[in-house]
Number of protein chains: 2
Amino acid sequence: MTARGAATRARIVEAAAGLIYDRGVGGTSLDDVMRASSTSKSQLYHYFADKDALIGAVIQAQTCRVLAFQATLLDHVETLAGLRGWRDAIVAATEAACGVGGCPLGTLGSELADRSENARALVAEGFQAWELRLASCLRRLREHGELDPGAEPNDLAASLIGALQGGLLLAQTTRTVRSLKLVLDMALEHVGSRAKAGVL
Amino acid sequence: MTARGAATRARIVEAAAGLIYDRGVGGTSLDDVMRASSTSKSQLYHYFADKDALIGAVIQAQTCRVLAFQATLLDHVETLAGLRGWRDAIVAATEAACGVGGCPLGTLGSELADRSENARALVAEGFQAWELRLASCLRRLREHGELDPGAEPNDLAASLIGALQGGLLLAQTTRTVRSLKLVLDMALEHVGSRAKAGVL
DNA sequence: CCACGACTGGACTTGACAGTCCATATGTCT
DNA sequence: AGACATATGGACTGTCAAGTCCAGTCGTGG
């Protein structure tokens with residue numbers, strides 16, 4: 001693929017990701033994508049076998065987006081108190097959007113998991129990667145003596161992500177950030193309960 | 001509406017709810033509903049103004065279904081240990097289905113919240129009702145001296161539901177019950193941390 | 001410069017879907 | 001019985017979406 005081709009492909013994925021985030025997979029037609037990316041049908045079908053292939057690329061793009069955002073929040077976290085900054089940033093972002101949109105990965109998972117095995121697996125990979133990054137951040141905290149040596153970074157990471165997904169789903173449907181705050185605070189408290197004695 | 005009419009209407013809603021639970025709103029056509037309920041177009045449009053109106057009825061039906069299921073689990077809970085039965089039943093049901101389907105209310109919320117304000121509000125009402133029932137169960141526990149007088153039943157209920165939603169979403173996309181278990185155990189531990197001194 | 005593969009434009013086909021329309025049936029009340 | 005509201009059958013329309021096809025253009029290596 002030439003540089004021009006790669007740019008076109010990227011433009012298509014970018015546009016599709018935006019439309020799908022706003023309107024869902026079912027609510028986004030290829031004609032919408034063409035308009036938003038200034039491309040033609042032949043271009044879409046030149047770079048993607050069919051709509052499902054495009055969706056697959058969108059899932060991977062959204063995974064990258066989520067991981068990048070999480071990295072900006074987690075990379076400099078060195079203490080349990082720092083983890084609260086993660087919570088606050090997510091709550092602030094959700095509040096700013098009134099919950100609209102939700103998690104780019106979570107909404108895709110909910111819409112596609114039971115409809116396309118391929119899509120489901122891709123979203124699951126995204127969550128897996130996310131959990132790994134979060135776990136390694138927690139492992140760092142444990143190494144720094146913030147967390148008890150018996151704390152399980154992998155399990156804690158899964159709980160944190162689960163709490164976040166539930167909170168975002170409720171924020172999306174209630175247009176309120178109340179449940180998100182409660183569930184994230186619960187998760188933080190849970191991590192805190194695995195703090196090394198004397199740290200808190 | 002005559003009794004026969006009411007029966008027809010109920011058959012339509014029932015069939016639509018089943019199809020939508022399996023295939024999503026976008027993946028369910030009115031022709032599908034007709035076939036599954038043995039009705040004709042005129043009947044659909046006799047009882048519902050348009051597809052959105054039918055979806056609204058489906059949301060209310062699924063709300064009833066969820067509340068009824070939750071009632072069977074919660075009505076006889078009188079202790080914190082009893083609450084663990086609630087967790088176990090949900091995990092068992094999810095495991096049996098390999099996570100497929102998810103929460104009838106949660107999946108509808110995720111698909112519709114940003115697409116239809118009316119649908120969003122209906123799903124939000126459903127969650128609200130659910131939270132109320134769960135909170136009154138927790139309040140009973142508090143009255144029975146299981147929970148500390150300072151425990152907040154409403155907040156605890158919201159956390160429990162949020163954790164459940166996140167766990168079900170992850171179960172659906174990973175086809176694993178691991179995150180669901182972790183997040184529900186975390187929520188139970190959180191409730192336990194509000195137990196009356198000496199109960200645990 | 002020219003040949004060939006990568007790339008692009010856009011018309012066209014096919015099918016599905018929401019919603020309309022009118023004719024007919026059913027049942028109840030008088 | 002018969003009038004009238006409720007209920008039902010099913011053909012029809014218009015729209016929109018996915019996917020196909022072919023005629024071109026671009027750009028780079030030989």
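Any value given below was found using the heavy atoms of this structure, including those in side chains, with hydrogens, waters and symmetry copies removed. None of the values given here were measured: they were computed from a predicted structure.
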**Student:** Under 4.0 angstrom, heavy atoms only, what part of the nucleic acid is B/Y47 near: base, sugar-phosphate, or nothing?
**Tutor:**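 Answer is sugar-phosphate: B/Y47 comes under 4.0 Å of backbone atoms only.
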
**Student:** Using a 4.0 Å heavy-atom cut-off, write out nucleotides 9-17 of chain D from 5' to 3' as B (base contacted by protein), S (sugar-phosphate only) or - (no contact).
**Tutor:** BB------S

**Student:** Specify the separation, in whole Å, of atom CG of B/L54 and atom C1' of C/dG19.
**Tutor:**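 For the pair B/L54 CG and C/dG19 C1', the rounded distance is 14 Å.
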
**Student:** Has B/K196 got more than 12 heavy atoms of other residues, nucleotides or ligands less than 6.0 Å from its NZ?
**Tutor:**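 Count not over threshold, so no.
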
**Student:** Would you call B/R84 and B/D185 a salt bridge, using N to O less than 4.0 angstrom?
**Tutor:**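 The answer is yes: the pair qualifies as a salt bridge.
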
**Student:** Counting only heavy atoms not in A/E14 (residues, nucleotides, ligands), do more than 12 fall under 6.0 Å from its CD?
**Tutor:**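 Counting other residues, nucleotides and ligands, CD of A/E14 stays at 12 neighbours or fewer.
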
**Student:** Provide, to the nearest angstrom, the distance between the CZ atom belonging to A/R4 and the P atom belonging to C/dA6.
**Tutor:**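 Taking CZ of A/R4 and P of C/dA6, I get 13 Å after rounding.
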
**Student:** Rounded to whole angstrom units, what separation is found between the CE atom of A/M1 and the P atom of C/dC7?
**Tutor:**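 These atoms are roughly 6 Å apart.
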
**Student:** Between B/T8 and D/dT8, is there a contact of a side-chain N or O with OP1 or OP2 at under 4.0 Å?
**Tutor:**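 True: B/T8 side-chain N/O within range (under 4.0 Å) of D/dT8 OP1/OP2.
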
**Student:** Could you please name the option among D/dT6, C/dT20, C/dA6 that lies closest to any side-chain atom of B/H46?
**Tutor:**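 Nearest to the side chain of B/H46 among the choices is D/dT6.
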
**Student:** Less than 4.0 Å between a side-chain N and a carboxylate O, is that true for A/R194 and B/E189?
**Tutor:**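 A salt bridge is present here (some side-chain N lies under 4.0 Å from a carboxylate O).
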
**Student:** Can you tell me if the side-chain N/O atoms of B/T2 get under 4.0 Å from OP1 or OP2 in C/dG27?
**Tutor:**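 So the side chain of B/T2 is outside the cut-off, no N or O lying under 4.0 Å from OP1 or OP2 of C/dG27.
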
**Student:** To the nearest Å, give me how far apart CD1 (A/I12) and P (C/dC7) are.
**Tutor:**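 In whole Å, C/dC7 P lies 11 Å from A/I12 CD1.
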
**Student:** Between D/dT20 atom P and A/L44 atom CG, what is the distance in whole Å?
**Tutor:**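 Whole-Å distance recorded here is 13 Å.
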
**Student:** Using a strict cut-off of less than 4.0 Å between a Lys/Arg side-chain nitrogen and an Asp/Glu carboxylate oxygen, indicate whether B/R23 and A/E111 qualify as a salt bridge.
**Tutor:**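 Looking at B/R23 and A/E111, the cut-off is not met.
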
**Student:** Between B/Q172 and A/D114, is any side-chain donor less than 3.5 angstrom from a side-chain acceptor?
**Tutor:**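 Indeed, the side chains of B/Q172 and A/D114 share at least one donor-acceptor pair under 3.5 Å.
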
**Student:** Expressed in angstrom and rounded to an integer, what is the separation of A/M34 atom CE from D/dG19 atom P?
**Tutor:**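 Whole-Å distance recorded here is 14 Å.
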
